[in-house]
Amino acid sequence: MAQDIAPSQPNLWPYILPTVLVLGACTLYPIATVLWMSLHDWTWGGDSIFSGVKNYRLLWLKGSFVIALVNTFTFAVSAVLVELVLGMILALAANRVTRGAGLFRVLMILPLMVSGIAVSLVWKVLLDPTFGVINAALGAVGLPEPNWLGSTTAAMPSLVMVETWWQTGFVFIILAAALKSLPEEPFEAARLEGANGWQMFRYLTLPMLRPVIVTVVVFRLIDTLKVFDLVFGLTGGGPLRRTEAVQTLTYQTAFKFSKFGEAAATVVIFSALIFAICVAYGALDRRTGGAK
Amino acid sequence: MAAVEFQNVGIRFGEVPVVRDLSLIVEDGEFVVLVGPSGCGKSTILRSIAGLAAINEGDMRIGGERMNDADPAARDIAMVFQSYALFPNMTVAQNLGFGLKIRGEARAGIARKVAEVAAVVGLSDHLHKRPGALSGGQRQRVALARAILRRPGVFLFDEPLSNLDAEFRTAMRAEIVRFHRNQGASMVYVTHDQTEAMTMGDKIAVLAPLAAGHKANLMQYGTPDEVYNRPANLFVARFIGTPRMNVMTLPVDGGTVRFGSQTLALPPAAAHLGKVVLGQRPEHLRLAATGSESGLAGSVEHIENLGHEMILTLATDLGPLILREARSAKVPSLGQQVRLVLDPDHVHLFDPVSEQRIE
Amino acid sequence: MTRARRATLLSYAILIIAGFASIFPILWIIGISLKTQADAFAMPPKLVFVPIWDHYAKVWADATFIKGFLNSLFAALLGNLMAFAIGIPAAFALNQKRVPGRATILAWLLLSYMLPEFLFVIPIYGLFQASGLYDTVFGLALVYQTFTLPFTIWMMRAFFADVPFALYEAARLEGAKSWQILLRVYLPMAAPGIAATAILNTIRIWNELAIALGLTFDKAQTVTLAVAAYRGYAAIDWGALSAAAITSILPMLIFAVLAQRQIVGGLSLGAVK
């Protein structure tokens, strides 16, 4: 409706100024400092010597950053894919049923309430190779009992599985809400035209949900790329660095080995990557006319 | 003194002009209706009086004082919104008292004034309720009572009846007119409904959208009778009246025009033109007696039976014409050939180029 | 059986399995937290056992754990207060159309919400060491604004957007100033929104690990760090570990059950609207 400027439109800047100040202090200062740190040999209390791109070159030479980057993307992409497919199936199923939908919703949001570190402890107990209930169950029906978190091949899939248990509820809640908000007429019209369930999903539901799906995927992708708690709590990056993530590597580099310059360089590269995803999402969102 | 006065006012939304060159005076105690199709700027004009839309050119005075840039609260106006704009989190009493409280009035005074005005509009039993628990008509009354409490020089109404159902609308219409008579206050009332305009206003301002190529919005400003009986131009002629006025462009031949076999002499002002636009309202067009050869031939294409009267659509050489016939008269059947006769005393003539009325 | 009926039955089957998978790990750990050491390690696992409260008693006798619990409570309280005090006026202003720089600020908020934790932790570590904010709950709540403030502003802006603009105008005609309109009209109408936002903020803060790990050491340690300390028990004392985990997540689980509607509404608001 009319959003005209009244003749005496009040000045709203005092309302925004505190936000700008806090946001500036909380983002601009860290960004500038981290850039500066990444270009220096940095020690607490001591002198900081300008070192150019040395920190960045070290990241490349040592290789651990590249490994962490590959691990992180593997983790994020697989977890988001699984969460999206599962979340969609659950949302479609919940959309069909009338009874028990409320209870199911509560069950699905419960894992979202749990901190990453508590999730890790819970699953560490469940996945214990010797005393864990999961291997006990597998053994009882004669299936192999993998060393979930301890073997180089199983560790990453295990991490993805735990992440999926933790966060699929989020994808489900959003897709279920989006499904509910879809108009009914197009589906009734399609049914009159003789469309089957798959055709309606493929040609009506999916296209109509597209903007929501894009938003959910971007949010989950960025969140999983920033993975820290699960790795910290479940594997500590092992075995043999198979699950080392960018943020756990950064933490180790800075707080364990006190190489703040190097840690700053990892943060710079990683933040730039996330920034790029945000920008791409912004452009995509504007083009598809998605969420607001 | 004039209650509201517009002098060459222009209003733009960004670069788009919405109101241009508006000059209009609302006299003290007058009920003026702004009417026109959507996009004609009627709401914008009203909002500019309230101070909710900025005026870019010209002057707007309230009670003789220039108010272009005054704060909305300082304008001696009160407004009833289309949606009523009642605060859903407050009771009726709190809604009514909101302005007084903001202006720092003492609690006892607020309670007394609220009780008084509630009695006036018949809301005394509903003061403790929230707007959500009221009917549409009651909400309307709360909005009205809130306006009354301000004791403004000018009441502004923005399509206040459009959210009510048809039956209640008629009752509310009468109530607002009665309210105007009792209060004697000046009122500016916006509507797109010409029935409201005709039945409520002391004066009607008919407005046209600039987007349709008009140079200014105000097409005619006068009493309902003037606007209906002597429309100033084709736009007003077409806009006011249901069904619409019949309009046909006819060649002028020796100071006369021909309607079938019927010849009409034109006044001097129209006689020299090559063509003239002739208009006649459906209730003035008549069917000739059976067997008569006078007037224009036509066949009955469509009949709308309204019970007390019939609306006939007739196909003729001059295009479809609409005719209104009392139910008591003998009504032709569908497809029947008839002849139509103009009432020469109720002919409206317009210049085909300027579209202005010719006397 | 018709196709539609089969599909509905299949849906129920899927939901029951998923619901069970969702709740089972939590229930199992609750079980272990109530088992004796021998019962916990029993093979095959014991489904029927005599519950004991020893592990909870141990966790609640742990001063570090209690301190973490309280610190997290304070951090959530303080973080919410800051976010609302700063964010509500901003949300009110950013809800109006013609505010210069509106798009920039909204994009900036989104970015702040998205950037990785250690981008903030590493430089702020030095700043906090120097300014005395290191290892304080206040400093923690301040850094938490990198995500609570954007989230609060977003949510509140969406709730304010549901308030009809005519109410704003009506209040202005009555002579109300902007801050009066915010306090008397917008805030009461957005009250459910404030609740939902506060709940989600609290969950986020309560569960936060990376920033707390980097910026606290001892006296401002949060509940997540207290729980993390039990990682070492993984191979030995499952009971204490489970009791600690359950104690830390219980407040949020209760939240989830009581405020289900607000949480679901709040989560879906950003993406669907």
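It should be emphasised that the depicted structure is a prediction, and the values quoted were computed from it without experimental measurement. Order of the sequence lines fixes the chain letters, A, B, ..., with proteins taken first and strands second; residue numbering starts at 1 for each chain. Below, each value reflects all heavy atoms present in this structure, side chains not excepted, and no hydrogens, waters or symmetry copies.
- The choice from G132(A), P111(A), S115(A), G139(A) that makes the most heavy-atom pairs within less than 4.5 Å of chain C is S115(A).
- For S22(C), there are no side-chain hydrogen bond (donor to acceptor under 3.5 Å, both in side chains) partners at least two apart in sequence or on another chain.
- Closest heavy-atom contact between A256(C) and I109(A): O-CD1, 4.0 Å.
- Aromatic ring orientation, W238(C) versus F131(A): perpendicular (interplanar angle above 60°, classes split at 30° and 60°).
- Residue V114(A) comes nearest to N207(C) through the heavy atom pair C-ND2, 3.7 Å, listed as atom of the first residue, atom of the second, then distance.
- Note that CG of L94(C) and CD1 of I16(A) are 4.5 Å apart. Values are rounded to the nearest 0.5 Å.
- Ranking L121(A), V279(A), T33(A) against chain C, the residue ahead of the rest is L121(A), based on heavy-atom pairs under 4.5 Å.
- Minimum interatomic distance between A21(C) and W165(A) (heavy atoms only, all atoms of both residues): O-NE1, 2.9 Å.
- Note that CZ of F255(A) and CG of L213(C) are 7.5 Å apart. Values are rounded to the nearest 0.5 Å.
- Shown here for F104(A) and G19(C), the closest heavy-atom pair between the two residues is CE1-N, 3.6 Å.
- The most heavy-atom pairs under 4.5 Å with chain C, out of T250(A), L209(A), I134(A), L126(A), come from L126(A).
- Interface remark: of the candidates V122(A), V106(A), T168(A), V122(A) forms the most heavy-atom pairs closer than 4.5 Å to chain C.
- Considering only heavy-atom pairs separated by less than 4.5 Å from chain C, the leading option among I89(A), L90(A), L21(A) is L90(A).
- Side chains of M113(A) and I249(C) form no contact here, defined as non-hydrogen atoms less than 4.5 Å apart.
- Among all heavy-atom pairs drawn from P89(C) and Y15(A), the shortest one is O-CB, 3.5 Å.
- Remark: the backbone N or O of R99(A) is paired with a side-chain donor or acceptor of Y12(C) at under 3.5 angstrom.
- Between F219(A) and W154(C), the ring-plane angle classifies as tilted under the 30° and 60° cut-offs.
- Contact of the I222(A) side chain with the Y113(C) side chain is not registered, since no non-hydrogen atoms from C-beta on lie closer than 4.5 Å.
- Considering only heavy atoms from C-beta on, V34(A) stays 4.5 Å or farther from F120(C) through its side chain.
- Between P116(C) and Q247(A), the closest heavy-atom pair is CB-OE1, 3.5 Å.
- The aromatic ring centres of F270(A) and F118(C) sit 6.0 Å or more apart.
- Chain C forms more heavy-atom pairs under 4.5 Å with one residue of L107(A), N95(A), V268(A), D223(A) than with any other, namely L107(A).
- A distance of 5.0 Å separates OG1 of T19(A) from CG of L149(C), quoted to the nearest 0.5 Å.
- Looking only at side-chain heavy atoms (C-beta outward), L253(C) and L110(A) come within less than 4.5 Å of each other.
- Looking at residues two or more places apart in sequence or on another chain, you find no side-chain hydrogen bond (donor to acceptor under 3.5 Å, both in side chains) involving W28(C).
- Put simply, the side chain of V121(C) does not reach to within 4.5 Å of the side chain of Y251(A), judged on heavy atoms.
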